[in-house]
Amino acid sequence: LSPFPLKTKDLPRANNTNKDRKAWTMEEMKLIYQTVTPQIKNKPELKDLMALGMIYGARIEEFCQLTVGHIKHEENLRCIFIDKSKTDAYHKFGQRYLPIVDCLKPIIDKLVEDKQPEDYLITTDSSPNQSRSALIGGSFLRHVEGLGYNRPKILNYGGEEQTTNDFHSFRKTVNTNLTLLQLTTNQRNSICGWGTAFKSKSMADTAYLENKVAYPLVERKKHLEKWARQFTFSF
């Protein structure tokens, strides 16, 4: 199977957005991961964040809110537990366990070393004016801009749509390549954290439990390992 993504839409996608993210190709991911720029020198945690994004396709906000305590054992597998996600109507069902693939074990071990359960997994700068995810996301944009990728423009609501690459593009990359690996929509939703907005917490909890039974973590790990083997470079 080819590691290069198809030209498909990232689903779901709000109709009022003016960004259409492009999926990264394997060669592009190799370039942005392996090239040392001033941003990588100043924020070495950026490489760890990229590795997680390339495998799991989670949102940058989801990675940055993770603590050491979010590394858990579930169904006899070591997992990253994402317990918070966006709360708008498109992303309420984002809570999920992501089994840690073999190639990321050294990175996870390094991230938890000498830390307390309440410490952030990704240690990076904070600011009263910007969130940790916004600050490191800005560093990522400057990193890829230095490699020749255009920074996304700020467009007015309802204006011209732009096609761009940013950290969120890893979501499209993962979703597209999991499609190539013949994962179903529900399976891809379970990994990427997409789903339906529910009217009540009990409805969401019921759907979450049903999904755990229908798509056990051992199957998720098998699929994620299959995706990790597509990479032409090492983390």
Classify the ring geometry between His143 and Phe140 as parallel (under 30°), tilted (30 to 60°) or perpendicular (over 60°). tilted
Taking the ring centre of each residue, are Tyr33 and Phe235 less than 6.0 Å apart? yes
Which heavy atom of Leu217 sits nearest to which heavy atom of Pro99, and what is that distance? O-CG, 3.6 Å
Value for CZ (Phe170) from CD1 (Ile55), rounded to nearest 0.5 Å, stands at 10.5 Å
Ile191 and Leu183: side chain to side chain contact (heavy atoms under 4.5 Å, CB included), yes or no, with the steps? CA-CA 10 Å; Ile191 291 172; Leu183 270 68; 3.9 Å; yes
Looking only at non-hydrogen atoms, find the nearest pair between Arg96 and Ala58 and report the distance. NH2-CB, 3.6 Å
Show the nearest heavy-atom pair for residues Val101 and Tyr56, with the distance to one decimal. N-OH, 3.3 Å
Is the shortest side-chain heavy-atom distance between Ile40 and Lys47 below 4.5 Å? yes
If we ignore hydrogens and angles and just use 3.5 Å, is the side chain of Gln65 paired with the main-chain N or O of Glu62 as donor and acceptor? yes
For Pro38, does its backbone N or O pair with a side-chain atom of Asn42 as donor and acceptor, under 3.5 Å? yes
Do any N or O atoms from the side chain of Ser169 and from the backbone of Arg21 form a donor-acceptor pair under 3.5 angstrom? no
Examine distances only and state if a side-chain atom of Arg220 and a backbone atom of Tyr215 form a donor-acceptor pair shorter than 3.5 Å. yes
Any chain of hydrophobic side-chain contacts (each under 4.5 Å) joining Met50 to Leu135? no
Any donor and acceptor pair, going by atom type alone, linking the side chain of Glu219 with main-chain N or O of Pro216 inside 3.5 Å? no
Rounded to the nearest 0.5 Å, the CZ atom of Arg59 sits from the SG atom of Cys64 at a distance of 13.5 Å
Please test Ile71 against Ile100 for side chain to side chain contact (heavy atoms under 4.5 Å, CB included), starting from the C-alpha separation and ending with a verdict. CA-CA 9 Å; Ile71 305 301; Ile100 296 171; 4.1 Å; yes
Decide whether Met26 and Leu224 are clustered together by the hydrophobic rule: side chain heavy atoms of Ile, Leu, Val, Met, Phe, Trp, Tyr closer than 4.5 Å, transitively. yes
I need the single residue from Arg132, Glu45, Lys115 that forms a side-chain hydrogen bond (donor to acceptor under 3.5 Å, both in side chains) with Thr123. Which is it? Lys115
Taking all non-hydrogen atoms of both residues, which atom of Gly57 and which atom of Arg171 are closest, and how far apart? O-CG, 2.6 Å
Please give me the minimum heavy-atom distance between Lys41 and Pro44, naming the atom from each residue. O-CD, 3.9 Å
Answer yes or no: is there a donor N or O on one side and an acceptor on the other, between the side chain of Thr173 and the main chain of Trp24, under 3.5 Å? yes
When rounded to the nearest 0.5 angstrom, what distance separates CD in Gln182 from NE2 in His223? 9.5 Å
Using 0.5 Å steps for rounding, measure from the CD1 atom of Ile122 to the CG atom of Asp48. 5.5 Å
Testing the basics here: between Thr179 and Asn175, what is the closest heavy-atom pair and its distance to 0.1 Å? OG1-O, 2.8 Å
Compute whether any side-chain donor of one residue and acceptor of the other, for Tyr97 and Glu75, lie under 3.5 angstrom apart. no
Quick one: do Lys221 and Glu225 make a salt bridge, cutoff under 4.0 Å? yes
Tell me, with the steps shown, if Ile136 and Phe167 meet side chain to side chain contact (heavy atoms under 4.5 Å, CB included). CA-CA 10 Å; Ile136 200 166; Phe167 192 90; over 6 Å; no
As a quick check of understanding, evaluate side chain to side chain contact (heavy atoms under 4.5 Å, CB included) for Glu27 and Thr232, giving each step before the final call. CA-CA 8 Å; Glu27 287 305 308; Thr232 60; 4.2 Å; yes
Evaluate Arg142 against Glu145 for salt bridge (charged side-chain N to carboxylate O under 4.0 Å, His left out), listing each step before the verdict. CA-CA 5 Å; Arg142 290 189 292 276; Glu145 189 176 24; over 6 Å; no
Rounding to 0.5 Å, atoms OG1 (Thr176) and CG (Leu181) come to a distance of 11.0 Å
Side chains of Leu147 and Glu28, heavy atoms from C-beta outward: is any pair under 4.5 Å? no
Please tell me if the side chains of Ile80 and Leu52 come closer than 4.5 Å, counting only heavy atoms from C-beta onward. yes
Considering residues at least two apart in sequence or located in another chain, which fulfil the ring pair (Phe, Tyr, Trp, His ring centres under 6.0 Å) criterion with Tyr120? none
